[in-house]
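Here the structure is a predicted model, which is why all the values come from computation and not from measurement.
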Amino acid sequence: MTDAVRGADRADRSGQPARRSRIALPGFAGRMMAPGLLVLAAVSLLPFAAVVAMSFSRVHLLGGLRLESVGAANWTRLFGDPDTAWAWARTAGYFVLTVGGEMALGTALAICLWRLRSARNAALSLLLLPMFVAPVIAGLLGRFLTDSTFGLYAWLLRQVGYHGDVMADKTTAFAAVTLMDVWEWTPLIALIALAGLSSVPSAVLEAAALDGAGLLRTLRHIVLPSIAPVLLVALLIRSMDALRYFDIIWNTTGGGPADATKTASVELYETAFRFFDFGYASVTGLLMLAVTTVVARYFVRLLERKEPTR
């Protein structure tokens with residue numbers, strides 16, 4: 001007699017429904033997941049193995065793809081290349097400015113929307129518009145707006161006394177691509193922070209108001225600690241993207257002027273598809289993957305610490 005029949009028999013004798021036993025089908029689940037796992041391995045593990053192999057080789061394209069082993073020469077070149085060091089320094093600066101600005105502005109805008117009593121949906125819709133623009137379009141739009149001949153922003157800058165070309169100066173070009181990134185992705189941070197703010201207990205806020213806590217003290221001691229895990233998730237998402245951001249920089253400055261905006265992702269693209277040095281480009285890509293993994297793991301650990309213990 002099967003378990004189901006025995007259970008039904010016990011239910012009939014006692015007059016109460018029998019407790020259903022949990023059925024585990026690990027073999028069936030494994031067979032169902034196997035095709036997906038194989039596809040995932042084909043599109044991720046195999047290219048990763050190819051990149052690792054190319055990082056220890058010189059890639060020849062003429063007459064067919066051919067790998068010539070060079071040992072650790074590409075890795076030795078990476079750690080002795082001043083251009084790569086400067087590219088990573090610019091990447092670090094770009095990362096700090098964009099992610100820091102987006103987190104600060106996004107959180108502030110989310111708090112403003114959270115405090116807004118009327119027309120919140122309309123304001124949120126307008127705020128989210130830049131996020132739906134493709135990064136390539138955002139880069140092209142920024143390039144046209146800052147053009148020294150007919151750009152709107154260039155005209156506004158001339159009204160306040162700046163007559164130079166924004167994209168021709170090292171400092172202003174770097175500031176321009178940074179602000180374009182902040183403009184596009186601040187709404188994402190605001191949306192995530194607003195979702196966290198909606199979960200703050202109203203009873204705690206009312207108790208703080210009764211105790212005489214002002215807006216700043218409430219934000220500092222109640223609101224921000226309550227949404228800290230949500231902000232860490234937003235920080236994790238933007239950090240992984242900012243370290244390898246490419247679209248806006250390439251479509252506005254192409255890494256110039258004088259390599260002022262050439263980050264690690266731009267250098268990787270030029271090394272691989274302009275100079276066809278795929279071996280050295282593979283090393284740069286693997287380093288970028290390692291840095292992104294370390295940063296992501298660091299924020300995941302911070303998020304785990306923020307989670308309440310049960």
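Looking at heavy atoms from C-beta onward, Leu78 lies in side-chain contact with Tyr280 at the 4.5 angstrom threshold. Using a 4.5 Å cut-off on side-chain heavy atoms (C-beta onward), Thr98 and Tyr245 make no contact. Side-chain contact between Phe299 and Val233 is absent, with no heavy atoms from C-beta onward closer than 4.5 Å. Residues Met288 and Leu243 fail the side-chain proximity criterion, which asks for heavy atoms closer than 4.5 Å. Contact of the Trp183 side chain with the Leu179 side chain is not registered, since no non-hydrogen atoms from C-beta on lie closer than 4.5 Å. Contact check for Thr271 versus Phe276: no side-chain heavy atoms found under the 4.5 Å cut-off. For the pair Leu141/Val133, no side-chain contact is recorded, criterion being any heavy-atom separation below 4.5 Å from C-beta on.
Of all the heavy atoms in Pro130 and Leu126, the pair that sits closest is CD-O, 4.0 Å. Heavy atoms only, all atoms of each residue included: Ala272 and Ala281 are closest at CB-CB, 3.7 Å. Minimum heavy-atom separation, Trp75 to Ser55: NE1-OG, 3.7 Å. Across all non-hydrogen atoms, the minimal contact from Pro135 to Asp247 is CB-CB, 3.5 Å.
Partners of Asp277 by salt bridge (charged side-chain N to carboxylate O under 4.0 Å, His left out), not counting sequence neighbours, listed by chain and number: Arg77.
The pair Arg238-Glu102 meets the salt-bridge criterion, with a side-chain N (NZ, NE, NH1 or NH2) lying under 4.0 Å from an Asp/Glu carboxylate O.
Side chain of Arg244 to backbone of Met240: a donor-acceptor contact under 3.5 angstrom is found. Between the Thr107 side chain and the Ala104 main chain, no donor and acceptor come within less than 3.5 Å of each other. No donor-acceptor pair closer than 3.5 Å links the side chain of Arg115 to the backbone N or O of Ile111. A donor-acceptor pair under 3.5 Å links the side-chain atoms of Arg90 to the main chain of Lys262, judged by distance alone. Between the Arg58 side chain and the Ser69 main chain, no donor and acceptor come within less than 3.5 Å of each other.
Legend: side-chain hydrogen bond (donor to acceptor under 3.5 Å, both in side chains) pairs involving residues 153-165, not counting sequence neighbours: none detected.
Taking OG1 of Thr218 as the start and CZ of Arg220 as the end, the distance is 12.0 Å to the nearest 0.5 Å. With rounding to the nearest 0.5 angstrom, the CE atom of Met180 is 5.0 Å from the OG1 atom of Thr252. Rounded to the nearest 0.5 Å, atoms CG (Leu224) and CG (Leu231) are 7.0 Å apart.
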Report task. Evaluate side chain to side chain contact (heavy atoms under 4.5 Å, CB included) for Trp86 paired with Trp88, printing each intermediate quantity in order. Result -> CA-CA 5 Å; Trp86 278 110; Trp88 277 101; over 6 Å; no
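Criterion: ILVMFWY side-chain heavy atoms under 4.5 Å apart, direct or through other members. Under it, Leu140 and Met131 are not part of a common hydrophobic cluster. Tracing side-chain contacts under 4.5 Å through hydrophobic residues (I, L, V, M, F, W, Y), one reaches Trp114 starting from Val230; they form part of the same cluster.
There is a side-chain donor-acceptor pair under 3.5 Å between Thr84 and Glu267. Side chains of Thr253 and Thr261: a donor-acceptor N/O pair is present below 3.5 angstrom, by distance only.
Of the candidates Tyr269, Tyr94, Phe273, Phe246 forms a ring-ring contact (aromatic ring centres under 6.0 Å, His included) with just one, namely Tyr269.
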